[in-house]
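Read through the structure below, which is laid out as structure tokens, and then see the notes.
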Number of protein chains: 2
Amino acid sequence: MAAQNLYEELARQLTAVGTVKRGLARNLPPDCPAGPTAVLHLLRRHGELRMSRLAELLAIDMSVTSRHVAHAAERGWIARAPDPLDKRSRLLRLTPSGERLLAEISRRYVDTLAAALQDWSDEEVGQLNSLLIRLRADFGDCRSRGPLPATRTAPA
Amino acid sequence: MAAQNLYEELARQLTAVGTVKRGLARNLPPDCPAGPTAVLHLLRRHGELRMSRLAELLAIDMSVTSRHVAHAAERGWIARAPDPLDKRSRLLRLTPSGERLLAEISRRYVDTLAAALQDWSDEEVGQLNSLLIRLRADFGDCRSRGPLPATRTAPA
DNA sequence: TATTGTTATACTCTATAACTATA
DNA sequence: TATAGTTATAGAGTATAACAATA
């Protein structure tokens, strides 16, 4: 349990990360904004997925996920095959065209970050990754457990 | 200079931070969205500011800053005094009402983060803060120096 | 009746461009 | 002429609610 000013600073820094995200997004192909890009990224990492699982991994509402997927599918980057186990669902996967696009996007991401973070060691980048992963995990747990479970700070 | 997969992971994690930001924003007063909140936060930290300097600190366009400031000023959280040195500018500062609102918002931020990050030590939160600050600084430097300055990776 | 996914609507954040007032 | 700031417009991301098809 950290000091109050550390939390305030963290809240500020988290909102300020948007600057970096916008900087990265500026390098994306004009046809493929950040939302659909994240979809491609997760399909490469996890293989075939259903909408509901993809939305869960993105941590955004399925309605939003549906639009990102539609955007990518209209351009041939994603294929939607019928799910033999449930006719309501479709199984999403990257097409070769989608794989090529994602490779190009990854290359641009890496170039941009490599240029910006010249002075960072592997260990430092890995440390930031680990902390961000843990942040998301703990924050997600907190939300799924409900607001303010009052575990230690006795409310009265 | 870190390995490629570390950069790809960082890009993914940065886009995914939005989940946490949205979680924090859900606890804001309905009248005060995240944009104006950041304005209040920076005015408390830096004291009296001009629009241009505030936009610089927020790292967003002045037109956007202007709208956030107008939102806060309309509700009495910010006062805009004429700048004696330049009649085009106004000096922005928190009002007592704005200070009270920000104190309440900070309290909610801290409560939420304290609940989510129960297992984090002071040092770990501080480490994440430091890395995020450094990330923004290096990324901003990179952008202000122009794209791909080619300092070490000789292009040909 | 419950669940998967889509679509319609609305809100927030941001950038670009046009504009006003002052330097 | 250049700069500080405002406003209009447009684009991206998200959430909620209503809906269709299937379990």
Side-chain angles (χ1 to χ4, degrees), chain A residues 14-41 48-74 78 80-92 143, chain B residues 14-41 48-74 78 80-92 143:
Chain A
L14 287 176
T15 70
V17 164
T19 308
V20 180
K21 290 171 63 176
R22 287 193 298 281
L24 285 175
R26 259 184 276 269
N27 290 332
L28 289 173
D31 217 22
C32 186
T37 297
V39 167
L40 302 184
H41 210 145
E48 220 169 36
L49 289 174
R50 302 199 313 176
M51 280 291 316
S52 49
R53 175 65 180 143
L54 181 57
E56 188 182 322
L57 290 170
L58 287 167
I60 58 177
D61 194 87
M62 189 158 52
S63 66
V64 182
T65 307
S66 177
R67 293 191 55 154
H68 294 330
V69 165
H71 181 101
E74 284 161 11
I78 284 180
R80 295 187 270 200
D83 183 341
L85 298 174
D86 188 336
K87 286 183 183 171
R88 295 171 301 182
S89 289
R90 286 188 285 186
L91 295 173
L92 311 174
R143 276 187 53 74
Chain B
L14 287 176
T15 70
V17 163
T19 307
V20 179
K21 289 171 64 174
R22 287 192 298 281
L24 285 175
R26 258 185 277 270
N27 290 332
L28 289 173
D31 217 21
C32 187
T37 297
V39 168
L40 302 183
H41 210 144
E48 219 167 37
L49 289 174
R50 303 200 311 176
M51 281 292 315
S52 48
R53 174 67 180 143
L54 181 58
E56 188 182 321
L57 290 170
L58 287 167
I60 59 177
D61 194 87
M62 188 158 53
S63 65
V64 182
T65 308
S66 179
R67 295 193 54 156
H68 294 331
V69 165
H71 181 101
E74 284 161 12
I78 285 180
R80 293 187 271 200
D83 183 341
L85 298 175
D86 188 335
K87 285 183 184 171
R88 295 171 302 181
S89 288
R90 288 189 283 186
L91 295 173
L92 311 174
R143 275 187 54 72

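Labels below follow one simple rule: chain letters A, B, ... track the order of the sequence lines, proteins then strands, and each chain is numbered from 1.
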**By side chain to side chain donor-acceptor pair (under 3.5 Å) - contacts of A:S63 (at least two apart)** = A:D61
**Request:** With sequence neighbours left out, write down each residue that passes side chain to side chain contact (heavy atoms under 4.5 Å, CB included) with A:H71, or none if nothing qualifies.
**Result:** A:P33, A:P36, A:R75, A:W77
**Message:** Near DNA chain C, counting only heavy atoms under 4.0 Å, which residues of residues 48-59 of chain A show up?
**Reply:** A:R50, A:M51, A:S52
**Request:** Between A:H68 and B:T65, name the one whose nearest nucleotide on DNA chain D is closer to the 5' end.
**Result:** B:T65
**Shortest non-hydrogen contact from A:T19 toward B:A59** = OG1-CB, 3.4 Å
**Prompt:** Can you tell me how far CG of B:L58 sits from NE2 of B:H68, rounded to the nearest 0.5 angstrom?
**Reply:** 7.0 Å
**Asked** Excluding sequence neighbours, so at least two apart, what forms salt bridge (Lys or Arg N to Asp or Glu O under 4.0 Å) with A:R88?
**Response** A:D86
**Item:** Proximity to DNA chain D (any heavy atom under 4.0 Å), residues of residues 80-90 of chain B only
**Value:** B:R80, B:R88, B:S89, B:R90
**Results of side chain to side chain contact (heavy atoms under 4.5 Å, CB included) for B:M51 - residues two or more places apart only** = B:M62, B:T65, B:S66, B:V69, B:L92
**Item:** Partners meeting salt bridge (Lys or Arg N to Asp or Glu O under 4.0 Å) with A:R22 (sequence neighbours left out)
**Value:** none
**Asked** More than 12 non-hydrogen atoms from neighbouring residues, nucleotides or ligands closer than 6.0 Å to CZ on A:R67, yes or no?
**Response** no
**Prompt:** Heavy atoms under 4.0 Å, any strand shown: does A:A34 hit a base, just sugar-phosphate, or nothing?
**Reply:** sugar-phosphate
**Item:** Residue list, salt bridge (Lys or Arg N to Asp or Glu O under 4.0 Å) with B:E56, at least two apart or on another chain
**Value:** B:R53
**Message:** If I take atom OG1 from residue A:T15 and atom CG from residue B:L24, how far apart are they, to the nearest 0.5 angstrom?
**Reply:** 9.0 Å
**Request:** Would you please name every residue forming a side chain to side chain donor-acceptor pair (under 3.5 Å) with A:R90, sequence neighbours left out?
**Result:** none
**Request:** Let me know, please, whether A:M62 or A:T15 comes out on the 5' side of the other along DNA chain C by nearest nucleotide.
**Result:** A:M62
**Fill in**
Hits for side chain to side chain donor-acceptor pair (under 3.5 Å) against B:D83, two or more places apart or cross-chain, chain-then-number order -> none
**Item:** Span of DNA chain C in contact with chain B (heavy atoms, under 4.0 Å)
**Value:** C:dT12 to C:dA23
**Asked** If you round to the nearest 0.5 Å, how far is CG of B:L85 from CG of B:L91?
**Response** 8.0 Å
Please list each protein N or O that sits under 3.5 Å from an N or O in nucleotides 16-19 of chain D, with the distance.
{"residue": "D:dT16", "atom": "O4", "partner": "A:S63", "partner atom": "OG", "Å": "2.8"}

**Request:** Taking only the side-chain nitrogens and oxygens of A:H71, find out if one of them lies under 4.0 Å from OP1 or OP2 of D:dA12.
**Result:** no
**Integer-rounded Å distance: D:dG13 C1' and A:R67 CZ** = 9 Å
